[in-house]
Amino acid sequence: MRRIIAIDGPAGSGKSTTARLVAERLRFLYLDTGAMYRAITLKALEEGIDLKNEEELEELALDSKIEFRKQNSNTQVFIDGEDVTSKIRDPLIDRNVSLASKHRKLREVLVGWQRQMGEKNDLVAEGRDTTTVVFPDALVKVYLDCDLKERAKRRLLEFKQKGIPSTLKEQSRELSTRDKFDSGRKVSPLLQDRDAVVVDTTDLTIEQQVQKVIEVYQKILKAYEKAL
Ligand code: DC
């Protein structure tokens, strides 16, 4: 059995950092599903494809090759051989990715690739639908939550570190718009799966979040092995 830890939660809840570090410590593969939606959004914008056009986006995805390559302790994201790790974090992509990711046909292509990775590897997957749609039978499901204000603060700090000017109000507005979009959409909305363990990260440090997820994993694994 492949060991899969699936982590969902709203933007800025600390999913990426937590999932990456948990994967590193357990020596599992780290699967950043959001990066795949971001890479397709970037390519679509560069090729002038209308993000409302579901068929064209599906075709674009089918024609693309997304890869995660491990370089030292970082995982780089490539689309068609081009390293787009930094480009996909641009505010332009933040603002547009929800428009692309709401389309069922595009999601089906990407979910197919994500499941293929889960067949071959023990992994930590994170996104919006990894607990509910991509890996409904995951060994461990975690829902990472966090107050909007704290998430906006974290995002603002990230922007500052990259030298991008912004304000707390602007970050708060953008996150809340994205939350509404991701939770309110018809196809694979962000939901708290009923089997998910909820971890509220508002008052936790990164190290505490990582420890908490590893504890949940170890507890579930122990119970699973005992039941065999
Ligand atoms: O986690 P992130 O901010 O990198 O995700 C970017 C966007 O991609 C997010 O606003 C919603 C979408 N997404 C999704 O719809 N399903 C996923 N499994 C992951 C991300």
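One is the number of the first residue; the rest follow in order along the sequence. In listed order, ligands and their atoms are each counted from 1. We use all heavy atoms of the structure for the numbers below, so side chains are in, but hydrogens, waters and symmetry mates are not.
In summary, of the residues considered (Glu56, Glu58, Glu55), a side chain to side chain donor-acceptor pair (under 3.5 Å) with Lys105 occurs for Glu55 alone.
For the pair Thr202 (side chain) and Cys146 (backbone), a donor-acceptor distance under 3.5 Å is absent.
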Please tabulate, for the side chains in residues 213-228, all donor-acceptor contacts under 3.5 angstrom to protein atoms that are two or more places apart in sequence or on a different chain.
residue	atom	partner	partner atom	Å
Tyr217	OH	Arg3	NH1	3.1

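When hydrophobic clusters are built by joining Ile, Leu, Val, Met, Phe, Trp and Tyr residues whose side-chain heavy atoms come closer than 4.5 Å, directly or via intermediates, Phe181 is grouped together with Leu110. No continuous path of hydrophobic side-chain contacts links Tyr143 to Leu204 [ILVMFWY only; heavy atoms under 4.5 Å].
The protein atom (non-hydrogen) at minimum distance from atom 20 (C) of ligand 1 is Gly34 CA, 3.5 Å. Nearest protein heavy-atom neighbour of atom 19 (C) of ligand 1: Thr33 OG1, 3.3 Å. Nearest to atom 4 (O) of ligand 1 among the protein's heavy atoms is Arg38 NE, 2.8 Å. The protein atom (non-hydrogen) at minimum distance from atom 18 (N) of ligand 1 is Asp129 OD1, 2.8 Å. The protein non-hydrogen atom at the shortest distance from atom 9 (C) of ligand 1 is Arg128 NH2, 3.3 Å.
Side chains of Thr33 and Gln114: no donor on one and acceptor on the other come within 3.5 Å.
When all heavy atoms are compared, the tightest approach of Ile66 to Val77 is CG2-CG1, 4.5 Å. Smallest separation of non-hydrogen atoms from Ser98 and Asp182: OG-OD1, 3.1 Å.
Residue contacts with ligand 1 for Arg89 involve side-chain atoms from C-beta outward but no N, CA, C or O (heavy atoms, distance under 4.0 Å). If you look at Arg185 next to ligand 1, the close heavy atoms, those under 4.0 Å, all belong to the side chain.
Distances below 4.0 Å separate heavy atoms of Asp182 from the following atoms of ligand 1: 9 (C), 10 (O), 11 (C). Those atoms of ligand 1 that come under 4.0 Å of a heavy atom in Ser101, given as number and element, are 11 (C), 12 (C), 15 (O). Shown in contact with Ser98 at under 4.0 Å from a heavy atom are these atoms of ligand 1, numbered in order with element: 10 (O).
Comparing heavy-atom distances from atom 7 (C) of ligand 1 across Leu190, Val97, Thr41 singles out Val97 as nearest.
A salt bridge links Asp80 with Lys43: the distance from a Lys NZ or Arg NE/NH1/NH2 to an Asp or Glu carboxylate oxygen falls below 4.0 Å.
The shortest N or O to N or O distance between Arg155 and ligand 1 is not under 3.5 Å. An N or O contact shorter than 3.5 Å links Arg107 to ligand 1 by distance. Below 3.5 Å of separation, one finds an N or O of Arg178 facing an N or O of ligand 1. Looking at Tyr37 next to ligand 1, no N or O pair under 3.5 Å apart turns up.
For Lys153, the side chain to side chain contact (heavy atoms under 4.5 Å, CB included) partners two or more places apart in sequence, or in a different chain, are Glu150, Leu168.
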